[in-house]
There are 4 protein chains.
Amino acid sequence: MSARDPIRQQLAEARRNQILDAAAQVFAEKGFHRASTKEIASAAGVSEGTIYNYFATKSDLVVGLMTRLAELESLDGELAEPLQGDVRTFFIANFRCRMTRIARQQELFQAVLPEVLVDPELRKTFYQQYVSRIAMMLEQYLLAQVEDGNMRPVDVPLTVRSLQGMFVGLLVMRLFGDEQVQARWDDLPEVLATLIFDGLRPRSDEIAK
Amino acid sequence: MSARDPIRQQLAEARRNQILDAAAQVFAEKGFHRASTKEIASAAGVSEGTIYNYFATKSDLVVGLMTRLAELESLDGELAEPLQGDVRTFFIANFRCRMTRIARQQELFQAVLPEVLVDPELRKTFYQQYVSRIAMMLEQYLLAQVEDGNMRPVDVPLTVRSLQGMFVGLLVMRLFGDEQVQARWDDLPEVLATLIFDGLRPRSDEIAK
Amino acid sequence: MSARDPIRQQLAEARRNQILDAAAQVFAEKGFHRASTKEIASAAGVSEGTIYNYFATKSDLVVGLMTRLAELESLDGELAEPLQGDVRTFFIANFRCRMTRIARQQELFQAVLPEVLVDPELRKTFYQQYVSRIAMMLEQYLLAQVEDGNMRPVDVPLTVRSLQGMFVGLLVMRLFGDEQVQARWDDLPEVLATLIFDGLRPRSDEIAK
Amino acid sequence: MSARDPIRQQLAEARRNQILDAAAQVFAEKGFHRASTKEIASAAGVSEGTIYNYFATKSDLVVGLMTRLAELESLDGELAEPLQGDVRTFFIANFRCRMTRIARQQELFQAVLPEVLVDPELRKTFYQQYVSRIAMMLEQYLLAQVEDGNMRPVDVPLTVRSLQGMFVGLLVMRLFGDEQVQARWDDLPEVLATLIFDGLRPRSDEIAK
DNA sequence: CATGAATGAGCCTTCATTCAT
DNA sequence: AATGAATGAAGGCTCATTCAT
């Protein structure tokens with residue numbers, strides 16, 4: 001019986017994920033409040049009661065999804081590190097990485113974001129576990145770049161928030177169904193790199209032309 | 001009786017606003033679904049039934065608030081026009097104007113945004129009445145600037161979405177309670193102008209140093 | 001002002017009828033409970049408040065309609081009297097008269113009957129003012145016929161209820177939309193007279209054939 | 001678990017009936033609209049929510065009761081068949097059977113009839129499932145009798161409606177609380193047989209007297 | 001008398017959560 | 001651990017009735 005303990009744990013973990021998958025899908029489609037536990041249960045192929053063996057509360061499903069986001073984030077958090085060669089190239093690569101992840105996790109965001117915006121408790125947790133952690137990472141990175149002279153000496157904290165905000169905002173534009181953003185999502189990293197790195201100001205050499 | 005008609009209308013309009021004010025406040029505080037019509041009624045100082053004399057449905061309150069946002073937006077839509085002198089200065093002024101409005105209408109956004117993200121019907125309306133209209137205005141403006149050589153020839157549609165997204169995202173950061181964003185909201189226009197107009201790339205003259 | 005009293009009364013009476021007409025129509029169409037006073041008011045071309053100047057209660061509208069039925073009934077109550085010549089011919093004439101009235105007042109019945117069946121108070125009043133009065137009239141009539149040897153010595157009270165029931169039942173069949181009953185309503189008096197007067201038993205002379 | 005399936009089903013059926021019983025009683029007493037689901041629930045000894053595990057809608061309770069009536073009807077539909085010996089005797093027997101059933105199911109009728117008269121949807125269903133089916137059976141029966149010379153060649157469709165109407169009408173008289181009808185319900189089959197079979201016309205032999 | 005905005009009690013229905021099996 | 005029937009609180013909405021104008 002003791003031999004079965006790890007197996008049990010794995011099964012339990014699998015069941016948990018099965019439920020979270022269903023929750024993500026149903027929340028994304030109908031929103032937290034319009035999604036009933038019955039619906040989630042049937043989408044997960046389990047009974048309503050089973051959900052409550054793994055989550056104390058419907059809200060805890062959102063917490064579970066938030067945690068997923070945070071974990072997925074930290075999984076490829078390393079991507080931020082390898083900086084070598086051209087800064088602009090790195091920007092593009094980094095942006096591409098973020099955009100890809102956002103696209104892949106759109107369902108998760110759609111499921112989590114509106115409820116997070118509405119529930120103070122969740123909001124705080126989400127901010128601490130996810131938003132501010134990314135902000136801090138970005139901040140460290142930018143500070144280093146500025147110090148190394150790879151970037152201009154900007155107001156790092158606010159610049160970081162602006163960048164982070166831009167990603168959130170583009171996600172929101174996606175959720176709104178904006179055609180340009182949806183259709184040309186893959187072009188965004190390049191455009192953003194130009195915008196953020198080069199700025200809109202006409203280049204002197206271009207003016208020269 | 002005929003003399004009373006316009007008075008009636010004014011009273012009705014006032015009552016409508018009184019209810020919308022209460023709805024904005026309660027929705028912002030507790031979210032659409034956790035806010036009961038009873039609560040809104042008492043916050044508005046009217047009975048529950050009265051709400052339904054002015055709005056067919058609880059959801060229509062959100063529609064009403066959305067319309068408010070759209071109307072307030074178009075009210076100072078003219079601000080985009082007076083462009084003269086330094087582009088960068090104009091950017092700052094324009095950004096300041098937007099940031100101020102966002103701050104002023106934070107409650108409205110907090111009340112409307114999460115529900116809009118969740119309800120496809122509202123989402124579509126909001127996008128058409130608000131988001132895409134602003135996008136189109138910005139697009140026209142940027143195109144003109146590019147043509148006049150005041151800006152570099154960037155990908156205008158995506159750049160516009162990115163800018164718009166940045167504002168949305170910064171609003172979301174505010175809603176998340178990010179301290180930097182909240183405390184230094186008024187510094188943002190300047191920072192943004194620098195970021196967007198000048199870019200992060202080290203200036204050649206700075207490098208020269 | 002005293003000269004206007006009778007005029008006022010006439011106006012009031014007209015207004016009352018205007019409201020009752022609307023009530024009959026709306027009740028017939030949607031039933032008592034699904035009909036709102038607002039609907040009745042607008043069908044009558046008056047405001048909701050006005051209804052309450054003439055009727056203390058929504059239920060009193062039904063009472064008013066019941067009274068109408070009773071009054072209309074007594075208006076041509078005399079028709080029962082002129083009995084002369086062939087009894088069978090009289091039966092047909094009498095039945096025809098009843099069927100015609102039922103058809104003419106179908107809306108009134110449809111409006112009143114279901115609610116009367118449901119509300120004990122109304123039920124009692126309706127029974128006393130309408131049903132039992134007709135029953136008594138019929139009873140007297142049948143008794144006289146039996147005494148005069150124009151009819152066989154049947155159980156008069158129950159026979160009367162059966163006849164009355166048949167009319168009610170045929171009305172109900174009409175309300176149910178039975179095609180035969182609706183399409184051939186005018187044939188019913190003849191058929192009923194045969195059924196009731198001659199019976200279904202094969203006639204001896206016919207048997208003789 | 002597999003062993004439990006049939007038990008589950010039986011329990012569910014029992015619960016359903018328990019709720020329908022309560023609904024019949026409360027509807028009969030107060031009418032469909034004045035009966036609240038809360039009342040029905042407590043009369044059934046279950047919670048309000050449980051009702052909705054078995055019926056999608058309050059109206060569906062009426063549908064359930066209608067179905068009961070139709071099923072009970074078809075249960076003893078065979079009674080119409082065994083015709084042998086005296087036609088008049090058969091009439092009495094048949095009438096007695098119908099009157100008994102009506103009396104036994106008075107509550108059901110009182111619960112269902114008023115609402116059926118008011119709701120077009122229910123009305124149609126009730127007419128098709130119940131009224132017209134009985135009419136068709138009666139029609140076939142009468143046609144056969146007429147062909148065999150056991151009855152006079154009357155207008156069968158309208159005669160059938162009249163008979164059916166008479167039963168409905170006598171039920172209505174019962175619901176109205178008519179004392180004669182209530183007190184002497186058991187005498188009605190005999191009286192009706194006389195009325196319908198022999199007619200009111202004085203018999204020649206009686207006249208002879 | 002007429003009006004119609006305001007009222008608020010009450011209803012049907014949903015749904016997160018529990019618990020006996 | 002899984003089930004799903006039962007629960008009952010809560011909520012959106014309707015509507016008869018009132019009353020100030």
Side-chain angles (χ1 to χ4, degrees), chain A residues 8 11-12 15 32-42 45-61, chain B residues 1 3-5 7-8 11-12 15 32-42 44-61, chain C residues 8 11-12 15 32-42 44-61, chain D residues 1 3-5 7-8 11-12 15 33-42 44-61:
Chain A
R8 292 239 166 158
L11 283 181
R15 190 57 51 97
F32 180 76
H33 286 276
R34 278 181 253 274
S36 66
T37 51
K38 176 166 292 184
E39 226 168 344
I40 298 168
S42 94
V46 301
S47 76
E48 263 183 292
T50 299
I51 292 181
Y52 285 86
N53 284 334
Y54 295 86
F55 299 91
T57 249
K58 192 189 173 192
S59 263
D60 283 355
L61 289 169
Chain B
M1 211 177 289
R4 241 159 181 167
D5 224 19
I7 295 183
R8 279 265 160 97
L11 283 180
R15 192 55 52 93
F32 180 76
H33 287 277
R34 276 181 255 276
S36 68
T37 51
K38 185 162 298 189
E39 229 167 340
I40 297 168
S42 90
V46 300
S47 77
E48 237 178 318
T50 298
I51 293 180
Y52 288 88
N53 284 337
Y54 295 86
F55 300 89
T57 261
K58 192 188 174 193
S59 262
D60 281 356
L61 290 170
Chain C
R8 293 240 165 158
L11 281 181
R15 191 55 53 97
F32 180 77
H33 286 276
R34 277 180 254 275
S36 66
T37 50
K38 177 166 292 183
E39 227 169 341
I40 297 169
S42 95
V46 301
S47 75
E48 263 184 291
T50 300
I51 293 181
Y52 285 86
N53 284 334
Y54 294 88
F55 299 90
T57 249
K58 192 188 174 192
S59 264
D60 283 354
L61 289 170
Chain D
M1 209 178 290
R4 239 158 180 167
D5 223 20
I7 295 184
R8 279 263 160 97
L11 283 181
R15 193 53 55 92
H33 286 278
R34 274 181 257 275
S36 69
T37 51
K38 184 165 295 187
E39 230 168 340
I40 297 169
S42 90
V46 300
S47 77
E48 241 178 315
T50 298
I51 292 181
Y52 287 87
N53 284 338
Y54 294 86
F55 300 90
T57 260
K58 192 188 173 193
S59 263
D60 281 357
L61 290 171

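Here is how names work: the chains are called A, B, and so on, in the same order as the sequence lines, proteins then strands, and each is numbered from 1.
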Query raised in the report: Do Thr37(C) and Tyr52(C) pass the side-chain contact (heavy atoms from CB on, under 4.5 Å) test, and can you show the C-alpha distance, the side-chain angles, and the key distance before you say yes or no?
Result: CA-CA 10 Å; Thr37(C) 50; Tyr52(C) 285 86; 3.6 Å; yes
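- Between Ser36(A) and Val46(C), the residue anchored nearer the 5' end of DNA chain E, judged by the nucleotide with its closest heavy atom, is Val46(C).
- One finds a side-chain N or O of Thr57(C) lying less than 4.0 angstrom from the OP1 or OP2 phosphate oxygen of dT17(F).
- Taking side-chain N and O atoms only, Asn53(C) has a distance below 4.0 Å to OP1 or OP2 of dA2(E).
- Along DNA chain F, the nucleotide nearest to Gly45(A) and the one nearest to Glu39(B) differ in position, and the one closer to the 5' end is contacted by Gly45(A).
- Backbone-only engagement by Ala35(C) is indicated by non-hydrogen atom pairs under 4.0 Å involving sugar-phosphate atoms exclusively.
- For dC19(E), the paired base is dG4(F) (Watson-Crick or G-U wobble, both distances below 3.5 Å).
- Nearest nucleotide to the side chain of Thr37(A), out of dT17(E), dT7(E), dT7(F): dT17(E).
- Distances shorter than 4.0 Å separate none of the side-chain N or O atoms of Arg34(D) from OP1 or OP2 on dG10(E).
- When distances run from any side-chain atom of Glu48(B) to the nucleotides dA2(F), dG12(F), dT7(F), the shortest one goes to dG12(F).
- Phosphate proximity of dT3(E) to Arg8(B): absent, as no side-chain N or O sits under 4.0 Å from OP1 or OP2.
- Look at Tyr52(D) and you won't find any side-chain N or O under 4.0 angstrom from OP1 or OP2 of dA6(F).
- Taking 4.0 angstrom as the limit, Thr50(D) places a side-chain polar atom (N or O) nearer than this to OP1 or OP2 of dT7(F).
- Taking side-chain N and O atoms only, Lys58(C) has a distance below 4.0 Å to OP1 or OP2 of dA16(F).
- Closest approach to the Tyr54(C) side chain among dA2(E), dA5(F), dA16(E) is made by dA2(E) (side chain taken as heavy atoms from C-beta onward).
- Taking only side-chain nitrogens and oxygens, Ser47(D) comes nearer than 4.0 Å to OP1 or OP2 of dT7(F).
- Atom CD1 of residue Ile40(B) and atom CZ of residue Phe55(B) lie 10.0 Å apart, to the nearest 0.5 angstrom.
- Residue contacts shown for Ala41(B) are absent, as no nucleic acid heavy atom lies under 4.0 Å away.
- No side-chain donor-acceptor contact under 3.5 Å links Thr57(C) to the backbone of Asp60(C).
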